[in-house]
Enquirer: 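The structure's right below; bear with me while I get my questions together.
Everything quoted here is computed from the prediction, not taken from an experiment.
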Amino acid sequence: NTVQNSRFESIDDVHLWMIDQHLGRRSVSDFQRGVLALRKKDIQASRQPQPLSEPPVAGAKAPEPLITRDAIAKAARISSNTISQIEKIQKSATPELVAAVKSGTISINAAATVASLPVEEQVAAVAGGKKELQQAARQVREAKARARSEPESPEGVIARLKQTITELSAENAALRAQLAALTS
């Protein structure tokens with residue numbers, strides 16, 4: 001027998017209900033809870049009305065408030081730092097590295113560190129197993145610590161600032177194009 005629930009108005013409502021059910025389970029890992037909480041945030045963000053839209057209609061449902069990183073972390077029962085690490089893993093980690101985190105071979109913290117490596121090095125570290133992954137994370141952390149402790153030359157500072165300006169200019173142009181597309 002198929003039973004329809006009239007409480008759900010859209011497939012997003014169903015997804016949100018399913019995510020809430022999974023977040024309540026004890027057998028879900030921290031990484032899985034973080035991914036679910038981020039998915040919930042994405043769904044809620046997509047449901048927000050556009051700021052240039054018409055005024056709300058009388059009797060319409062009030063929009064859900066935007067969810068903050070702290071609220072996401074609280075819903076997933078993990079820290080907001082862990083949420084940011086999971087976001088980094090989702091954005092820059094290879095599928096092999098994500099699989100290693102899901103299987104528990106590497107911690108979320110170490111995976112976020114390894115995710116900053118180039119793709120080839122990530123794949124090689126995962127292929128090397130748990131010890132290789134830990135070694136790669138340790139090397140990245142040590143390199144970052146050395147970079148912070150060593151004074152940077154003026155030429156290095158100028159080159160880094162020029163790179164930042166280039167990246168920000170490209171991002172600014174992309175945002176202006178998006179804004180132009182939305183207003184036209």
Side-chain angles (χ1 to χ4, degrees), residues 5-95 97-104 106-117 122 137 140-141 144-145 147-148 160 163-165 167-183:
N5 190 332
S6 60
R7 187 174 78 191
F8 302 124
E9 295 177 6
S10 69
I11 192 70
D12 284 341
D13 290 336
V14 175
H15 287 164
L16 290 171
W17 179 83
M18 290 168 52
I19 289 170
D20 287 338
Q21 298 309 304
H22 284 299
L23 287 174
R25 294 173 49 211
R26 291 183 295 173
S27 61
V28 178
S29 71
D30 287 349
F31 181 75
Q32 290 169 326
R33 280 199 309 272
V35 169
L36 287 169
L38 288 170
R39 177 71 180 123
K40 180 177 180 178
K41 174 189 157 205
D42 291 342
I43 292 171
Q44 289 179 337
S46 70
R47 296 174 75 173
Q48 292 295 316
Q50 297 299 324
L52 302 175
S53 66
E54 302 173 5
V57 178
K61 231 169 68 171
E64 298 172 9
L66 281 175
I67 190 163
T68 64
R69 179 167 294 172
D70 289 333
I72 296 168
K74 187 175 181 179
R77 298 186 321 268
I78 54 179
S79 71
S80 60
N81 185 38
T82 303
I83 289 289
S84 64
Q85 291 172 341
I86 291 171
E87 285 178 315
K88 182 176 182 180
I89 291 167
Q90 286 184 316
K91 288 179 186 170
S92 58
T94 62
L97 184 58
V98 172
V101 175
K102 286 180 180 179
S103 69
I106 186 172
S107 69
I108 294 170
N109 187 358
T113 304
V114 173
S116 64
L117 292 172
Q122 289 181 41
V140 170
R141 289 183 187 120
K144 285 182 181 179
R148 282 190 298 249
R160 185 175 45 80
Q163 177 65 27
T164 303
I165 289 170
E167 291 170 0
L168 291 174
S169 296
E171 182 181 355
N172 191 4
L175 290 172
R176 286 181 191 266
Q178 286 179 346
L179 181 61
L182 288 173
T183 58

Enquirer: With the side chain counted from C-beta on, respond yes when Q44 and L16 share a heavy-atom pair under 4.5 Å apart, and no when they do not.
Expert: yes
Enquirer: Looking only at heavy atoms, what is the nearest atom pair of S116 and K144, with distance?
Expert: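 Taking every non-hydrogen atom into account, OG-NZ, 4.3 Å.
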Enquirer: Ignoring hydrogens, what is the shortest heavy-atom contact between S79 and A73? Give both atom names and the distance.
Expert: C-CB, 3.6 Å
Enquirer: With rounding to the nearest 0.5 Å, note down the distance linking CD in E167 to CG in N172.
Expert: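 Answer rounded to 0.5 Å: 13.5 Å.
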Enquirer: Where do I43 and S46 come nearest, in terms of heavy atoms and distance?
Expert: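 Shortest heavy-atom contact: O-OG, 2.8 Å.
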Enquirer: If we only count heavy atoms from C-beta on, is the H22 to V35 side-chain gap below 4.5 Å?
Expert: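 No; the side chains remain at least 4.5 Å from each other.
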Enquirer: Show your reasoning for whether side chain to side chain contact (heavy atoms under 4.5 Å, CB included) applies to F31 and V98.
Expert: CA-CA 10 Å; F31 181 75; V98 172; 4.3 Å; yes
Enquirer: Using side-chain heavy atoms (C-beta onward) and a distance below 4.5 Å, is S92 in contact with K88?
Expert: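 Side chain of S92 against side chain of K88, heavy atoms only: contact under 4.5 Å found.
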Enquirer: Using modelled atom types only, decide if a donor and an acceptor are shared between the side chain of R33 and the backbone of R25 within a distance under 3.5 Å.
Expert: no
Enquirer: Would you say the side chain of V114 lies within less than 4.5 Å of the side chain of V140, judging by non-hydrogen atoms?
Expert: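 When only atoms from C-beta onward are counted, V114 and V140 do not touch, as no gap falls below 4.5 Å.
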Enquirer: Could you check whether any side-chain heavy atom of Q85 comes within less than 4.5 Å of a side-chain heavy atom of N109, counting everything from C-beta outward?
Expert: yes
Enquirer: For a quick test of reading the model, state the closest non-hydrogen atom pair linking I89 to I108 and the distance between them.
Expert: CD1-O, 3.6 Å
Enquirer: What is the distance from atom CG of L97 to atom NZ of K102, rounded to the nearest 0.5 Å?
Expert: 11.5 Å
Enquirer: Determine the minimum heavy-atom distance between A137 and T113, stating which atoms define it.
Expert: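 In terms of heavy atoms, the two residues are closest at O-CG2, 3.6 Å.
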Enquirer: Once you round to the nearest 0.5 Å, how far does CD1 of I83 lie from CD1 of I78?
Expert: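 I83 CD1 to I78 CD1: 3.5 Å, rounded to 0.5 Å.
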Enquirer: According to salt bridge (Lys or Arg N to Asp or Glu O under 4.0 Å), who are the partners of D42, at least two apart in sequence or on a separate chain?
Expert: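 Residues passing salt bridge (Lys or Arg N to Asp or Glu O under 4.0 Å) with D42: none at all.
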Enquirer: So do the side chains of D70 and K74 get within less than 4.5 Å of each other, counting heavy atoms only?
Expert: no
Enquirer: State, with a plain yes or no, whether a side-chain heavy atom of K40 is found less than 4.5 Å away from one of D20.
Expert: yes
Enquirer: Who pairs with R69 by salt bridge (Lys or Arg N to Asp or Glu O under 4.0 Å), at least two apart in sequence or on another chain?
Expert: E87
Enquirer: What's the shortest heavy-atom distance between L36 and I19, and which atoms?
Expert: O-CG2, 3.6 Å
